[in-house]
**Student:** 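Before I ask anything, let me first share the structure, which is written out below as structure tokens.
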Number of protein chains: 2
Amino acid sequence: MNLKQLSHMLSLSQTTVSRALNGYPEVSEETRRRVMDAAKRHGYRPNPSARRLATGKSGMIGYVLPTGAAVDIDPHFVEFLSGLGDYARSHELDLVLSPADADDEETTYRRIVANRQVDAVYLSSPRPADKRLALVNTLGIPFIVHGRSEGFDFDYPYLDIDNEGAFHEAARLLVQLGHKRLALINGNDRETFAIHRERGMRRALAASGLALGERHIRSATMTEENGYRAARRLLEDSEPPTAIVCSSLIMALGVVRAVRDLGLTIPGDLSLVAHDDVFPWLRPENFPVPLSTTRSSIRLAGARVAERLAARISGLEEGARGEVWPVDLVVRGSVAGAPG
Amino acid sequence: MNLKQLSHMLSLSQTTVSRALNGYPEVSEETRRRVMDAAKRHGYRPNPSARRLATGKSGMIGYVLPTGAAVDIDPHFVEFLSGLGDYARSHELDLVLSPADADDEETTYRRIVANRQVDAVYLSSPRPADKRLALVNTLGIPFIVHGRSEGFDFDYPYLDIDNEGAFHEAARLLVQLGHKRLALINGNDRETFAIHRERGMRRALAASGLALGERHIRSATMTEENGYRAARRLLEDSEPPTAIVCSSLIMALGVVRAVRDLGLTIPGDLSLVAHDDVFPWLRPENFPVPLSTTRSSIRLAGARVAERLAARISGLEEGARGEVWPVDLVVRGSVAGAPG
DNA sequence: CAGAATAGCCAAAGCGCTTTGGAAGTCTCT
DNA sequence: AGAGACTTCCAAAGCGCTTTGGCTATTCTG
């Protein structure tokens, strides 16, 4: 069933039927109802390919997926996707993942924009002065950044959590508990979120006249192994920290293992706080010692990004609106007063 | 730059230019070269929307993503995706994720094939007599199943690992080590992979005159917490197992925690083997006691599925070829002879 | 060397939708 | 009653590609 058949069936022109279906005003209410009815009854669905060709709109949102033998997709991605899907489903929005060589995402961005494959894109894990962001901005396709960049002379729409505030609060709590030597096990420090977290922590320490020594910061991709290594390094130092703030639950697993291997205990010898993106399959309350966390559901963020993307596509949202979500600090058994 | 302009520029018809570009034989080699050159020089890229409308082919592969507030996307998905992306990238194949209500995926499948949004789809986590599989089979769109179903009177193309063989081997090893009371902590037992694993284990036990008691099988979605609960249940039983085979690394985390909580040790009191899909962020050799595993890279599977999907789209692969990958058994410190 | 086959090219007809630029019909106002 | 302003609909021109059905030369057959 296509437009031609449907309109013939109704003894109307394709124009009128098309307009009736798409809610244009220049068609009488009665006609519109008649058309709508017939369309529903015959299960008419406009052919998206044809519509695309005519309008240039695809009804899809895009994401450029960096790939390569050495590139691992972050498991956070899947949770974000859950949220995105939740929203997209109810709006018949599809998501197209365009895999790109991690060393050359630009070509792919240019391609999907030139081809008008998607109506909007989102970017994630931005870095300061991220090239992708500048590119997408000049290409003129609607977009939203999940996270933030820095160092641009233009504004852009984003959704981010208050990483700085979260780690500020976490550190402040630890300081209040009497800790003087804090350490940070961060994610990849070329990404903005990691920079913000470090900044938050430094600010909290500075407020009490303390500092975060260079040897007390470790940064690496967020795997269990890297958490372990970082913790070993820190704890075997001559001046080991009495509290660690950690950028991810997965790394925290490694930290816990290191603490055990060294015969130490949480929170007796070490207080631990980690950031929790809320995975269904790994929960901080189920750590050997329930883990204190800064918590923010990445899934909710996914849904919100989808919602805003949809709004931008339909012109309901404009401008460079930034949105920053507060982060909960959830205190559990893994923190205690500083030892000794 | 579109076809019209390009052909005008070459003083050729659109027909000829189109054919030259698409490798049709009825154009002379010299002309083809001339056309190819000009196309490259001017960066001509055929408009995919137009091509789609004309041919019905989209150059994308599809995946229907079950979503919903109560639905969690498996973290394995992201690893599979890495592999898929690896292959797809080099072939300019995009992947479109169509989120669907987990209770009604059928509508979405029908939509994407009716709309010809994708040239092929893949299914994952199939169950016995999986409706999606029957549906996709009758809809006539090229597809590949990642995993296997059972109980159909037709064959279908799939890629699966030898789950039965893997768990057979794992159990056999444990039996050889003298274990008599084995337990299985499985994934969702409505999925075929879980059924196969159970079958493999039963077969190994039966071969030695042993059996897998109902109380020694637990099945749940693969989270740390479920692993913990299952292990507690098993180990606090009046006849606790001396060895556990576990369907995932994430669940194994929970098992390890339970063992600790109960004051037991691995492998002294309990031998443990788990299946490892090879996550970059959680490695069995880094468990408190290095974990023995049945190992199969889900990422490689993703790449292979993409490759076969591409082959099916271009008609290079036909028929219902099933492909089953063997699984490595990797023995590490978490297994030992049965206690006392 | 006539007739058949083949190679190489082209005009035009789709693919199924949206949108432009009217054209008729109906009302309103002076 | 005629001019202007709406309202409601339509024919036809795209969107940019592929593909069908020829139409010329050129080459091959017997």
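Residue numbers begin at 1 in each chain, while the letters A, B, ... track the order of the sequences. Excluded from the calculations below are hydrogen atoms, water molecules and symmetry mates; all remaining heavy atoms, backbone and side chain alike, are included.
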**Student:** Any protein N or O atoms within reach of nucleotides 22-25 of chain C? Criterion: under 3.5 Å, listing atom names and distances.
**Tutor:**
none

**Student:** How long is the line joining CD of A/Gln14 and C1' of C/dG16, in whole Å?
**Tutor:** 8 Å

**Student:** Measure from the side-chain heavy atoms of A/Thr16 and tell me the nearest of C/dG16, D/dC9, C/dA11.
**Tutor:** D/dC9

**Student:** Between C/dG21 atom P and A/Glu26 atom CD, what is the distance in whole Å?
**Tutor:** 14 Å

**Student:** Report the distance from atom NE2 of B/His8 to atom P of C/dC10, rounded to the nearest whole Å.
**Tutor:** 12 Å

**Student:** Which residues in residues 48-62 of chain A have a heavy atom closer than 4.0 Å to any atom of DNA chain D?
**Tutor:** A/Leu53, A/Ala54

**Student:** Give a yes/no on whether any side-chain N or O of A/Thr31 is located under 4.0 angstrom from OP1 or OP2 of D/dT8.
**Tutor:** no

**Student:** Within the 4.0 Å heavy-atom criterion, would you say A/Ser11 contacts the bases, only the backbone, or no part of the nucleic acid?
**Tutor:** sugar-phosphate

**Student:** Ion pair present between B/Arg33 and B/Glu30, side-chain N to carboxylate O less than 4.0 angstrom?
**Tutor:** no

**Student:** Is a side-chain N or O of A/Ser18 found less than 3.5 angstrom from the main chain of A/Gln14, in a donor-acceptor match?
**Tutor:** no

**Student:** Scan side-chain atoms only and decide if A/Ser149 and A/Tyr158 contain a donor-acceptor pair under the 3.5 Å cut-off.
**Tutor:** no

**Student:** Whole Å only: how far is the OH atom of B/Tyr24 from the C1' atom of D/dT20?
**Tutor:** 12 Å

**Student:** Tell me: CG of A/Leu12 to C1' of D/dT7, nearest whole Å?
**Tutor:** 15 Å

**Student:** State, to 0.1 Å, how close A/Tyr44 and A/Asn2 come at their nearest heavy-atom pair, and which atoms those are.
**Tutor:** CE1-C, 3.6 Å

**Student:** Between the base of D/dT19 and the side chain of B/Thr15, is there a donor-acceptor distance below 3.5 Å?
**Tutor:** yes

**Student:** Checking contacts here: which listed nucleotide (C/dC17, D/dT18, D/dC17) is nearest the side-chain heavy atoms of B/Tyr44?
**Tutor:** D/dC17

**Student:** Output the rounded distance in Å from CG (A/Leu3) to P (C/dG16).
**Tutor:** 11 Å

**Student:** Taking the ring of A/Tyr63 and the ring of A/Phe80, is the distance between their centroids below 6.0 Å?
**Tutor:** no

**Student:** Taking all non-hydrogen atoms of both residues into account, name the closest pair between A/Val64 and A/Glu105 and its distance.
**Tutor:** CG1-OE1, 3.9 Å

**Student:** In whole Å, I'd like the distance from the CG atom of A/Leu21 to the P atom of D/dC9.
**Tutor:** 14 Å

**Student:** Would one find a side-chain N or O of B/Asn2 under 4.0 angstrom from OP1 or OP2 of D/dC15?
**Tutor:** no

**Student:** Is a donor on one side and an acceptor on the other found under 3.5 Å between the side chain of B/Ser124 and the backbone of B/His146?
**Tutor:** no

**Student:** Rounded to the nearest Å, what distance is computed from the CG atom of residue B/Asn115 to the P atom of nucleotide C/dG16?
**Tutor:** 12 Å

**Student:** Is there a donor-acceptor pair under 3.5 Å between the side chain of A/Arg304 and the backbone N or O of A/Gly83?
**Tutor:** no

**Student:** Using only atom types and a distance under 3.5 Å, with no angle test, would you say the side chain of B/Arg299 pairs donor to acceptor with the backbone of B/Glu79?
**Tutor:** no

